[in-house]
K.L.:
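Below are the structure tokens for one structure; questions will follow.
Order of listing sets the numbers, starting from 1, for every ligand and every atom in it.
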Amino acid sequence: MNENTVKQTLLSAVKPTNIPTIGNYLGAIKNWVKMQNDYDCIFFAVDLHAITAKQEPQKLRERTLYVLASYVACGIDPNKTLIFVQSHVPEHTELAWILTCYSSMGELSRMTQYKDKVQKEGQNKEKENIQAGMFCYPLLMAADILLYQTNLVPVGEDQKQHIEITRDIAERLNNIYGKDLFTVPRALMPKVGARIMSLQNPSVKMSKSDDDPNGTVSLNDSNDEIIRKVKRAVTDSGNEITDDPSKPGVKNLLQIQSAILSKPIYALVQEYAGKQYGQLKSDTAELLVQSIEPIREKTNEILKNTTYLTALLKDGAEKARNRARKTIKRVHERIGFIAFSE
Ligand code: TRP
């Protein structure tokens, strides 16, 4: 990339509802590490989003710090990349409110995440009990993105609709207040396959909020836990190692290896010709231990170093606020708020 080219802004976030998993690492954070030189990167922990579901205060605090510390442990460099905690930057909530006034109940009701929640909670009667924060979730996410004039948002398939609504709202405000108000962002989808599935139910994505701890490998699992979980991974009654869609469990293990080794799946399939599932499992477990152990140890070191951690949080929040204020100021002017003189 030419040095004079202004780097595009790339932004993404992790919800601290639990300790991040190897799905978060292999499917997202590992790729973010590679993008740091080519983009102006912003990665944060979205604690305000986490409270759309019930959270235990102490756990929420620990997990939020864990997310940030593991970013650094995975190789995100705070000197190159902006990292911070969402609630430290009040401009997120500030812009979210403004966006609430430019979006409709209709478009928010059509969001699949909300619709799924309504369905899960039962029929219309139960809708009464769903938090309004759950309904407005996409607007806080849109604020996250638009505040920093983001060009690209690397997210999984499940977040695509959130980027769509962000684009719609940005264009809507730009049409009223001027095309230069917000950069209209684009979703950056990972290459097919960067999706790690549950070890117990390989037809669903590995999720840090899975109730079955055997389905996920967390970044703080011990080596023994990693090995145990991979050995128990659900496969099938066959014995051939291929990435055929009828073998989602086997495919998932190949996928994990492929993401760790940056090697195409077909090459792995060739190497495993004639080998047993047991071999595939023990190799996958060993590779996972090798890549997770240093991250786990580094994360723990960072978490123990409170001086470093406090400085990291403070510096990130300051830098983020400085950038976010610029957008807020412009939005206030265009909407017709009286300028606040400091
Ligand atoms: N909604 C995202 C998720 O559940 C988390 C998120 C919040 C996010 N704000 C964001 C992702 C901004 C990308 C950009 O995974």
K.L.:
Can you pull out the closest protein heavy atom to atom 9 (N) of ligand 1? Residue, atom name and distance to 0.1 Å, please.
P.N.:
D144 OD2, 2.6 Å

K.L.:
Can you tell which of Y137, Y148, F43 gets a heavy atom nearest to atom 1 (N) of ligand 1?
P.N.:
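Looking at heavy atoms only, the winner is Y137.
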
K.L.:
When you measure from the side chain of S258 to the backbone of L254, do you find a donor-acceptor pair of N or O atoms at a distance under 3.5 Å?
P.N.:
no

K.L.:
When you compare ligand 1 with Q159, is there at least one nitrogen or oxygen pair between them that comes in under 3.5 angstrom?
P.N.:
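Checking ligand 1 against Q159, an N or O pair does fall under 3.5 Å apart.
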
K.L.:
Name the one of R321, R330, R323 that satisfies salt bridge (charged side-chain N to carboxylate O under 4.0 Å, His left out) with E91?
P.N.:
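The residue from R321, R330, R323 that satisfies salt bridge (charged side-chain N to carboxylate O under 4.0 Å, His left out) with E91 turns out to be R321.
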
K.L.:
Does the side chain of N305 pick up a donor-acceptor pair with the side chain of E301 at under 3.5 Å?
P.N.:
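Result is no, nothing qualifies.
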
K.L.:
Does D224 pair with R228 as a salt bridge, N-O distance under 4.0 Å?
P.N.:
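No, this pair does not count.
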
K.L.:
Could you tell me the residue and atom name of the protein heavy atom closest to atom 6 (C) of ligand 1, and the distance to it rounded to 0.1 Å?
P.N.:
M141 SD, 3.8 Å

K.L.:
Are the charged groups of K7 and D38 less than 4.0 angstrom apart, N to O?
P.N.:
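Salt bridge between K7 and D38, a charged N being under 4.0 Å from a carboxylate O: no.
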
K.L.:
For ligand 1, which atoms have a heavy atom of L11 less than 4.0 angstrom away?
P.N.:
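This gives 12 (C), 14 (C) as the contact atoms.
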
K.L.:
Out of L10, T9, L11, I163, which one pairs with L152 under the side-chain contact (heavy atoms from CB on, under 4.5 Å) rule?
P.N.:
L10

K.L.:
So which bit of V14 gets within less than 4.0 Å of ligand 1, heavy atoms only: side chain, backbone, both or neither?
P.N.:
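Contact part for V14 vs ligand 1: neither.
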
K.L.:
Under 6.0 Å between ring centres, would you say that holds for F44 and H49?
P.N.:
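They do not qualify: ring centres at least 6.0 Å apart.
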
K.L.:
V153 heavy atoms, cut-off 4.0 Å: which ligand 1 atoms fall inside?
P.N.:
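Contacts of ligand 1 toward V153, numbered from 1: 13 (C), 14 (C).
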
K.L.:
I need the atoms of ligand 1 closer than 4.0 Å to a non-hydrogen atom of V46, numbered in the order shown.
P.N.:
7 (C), 9 (N)

K.L.:
Does K275 count as lying over the ring of Y272, i.e. NZ or CZ under 6.0 Å from the six-ring centre, within 45 degrees of the axis?
P.N.:
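Yes, a cation-pi geometry holds between K275 and Y272.
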
K.L.:
Considering only heavy atoms, does V155 approach ligand 1 within less than 4.0 Å through its side chain, its backbone, both, or neither?
P.N.:
side chain

K.L.:
For ligand 1, which atoms have a heavy atom of K15 less than 4.0 angstrom away?
P.N.:
4 (O)

K.L.:
For A13, counting its heavy atoms only, list the atoms of ligand 1 lying under 4.0 Å from any of them.
P.N.:
8 (C), 10 (C), 11 (C), 13 (C)

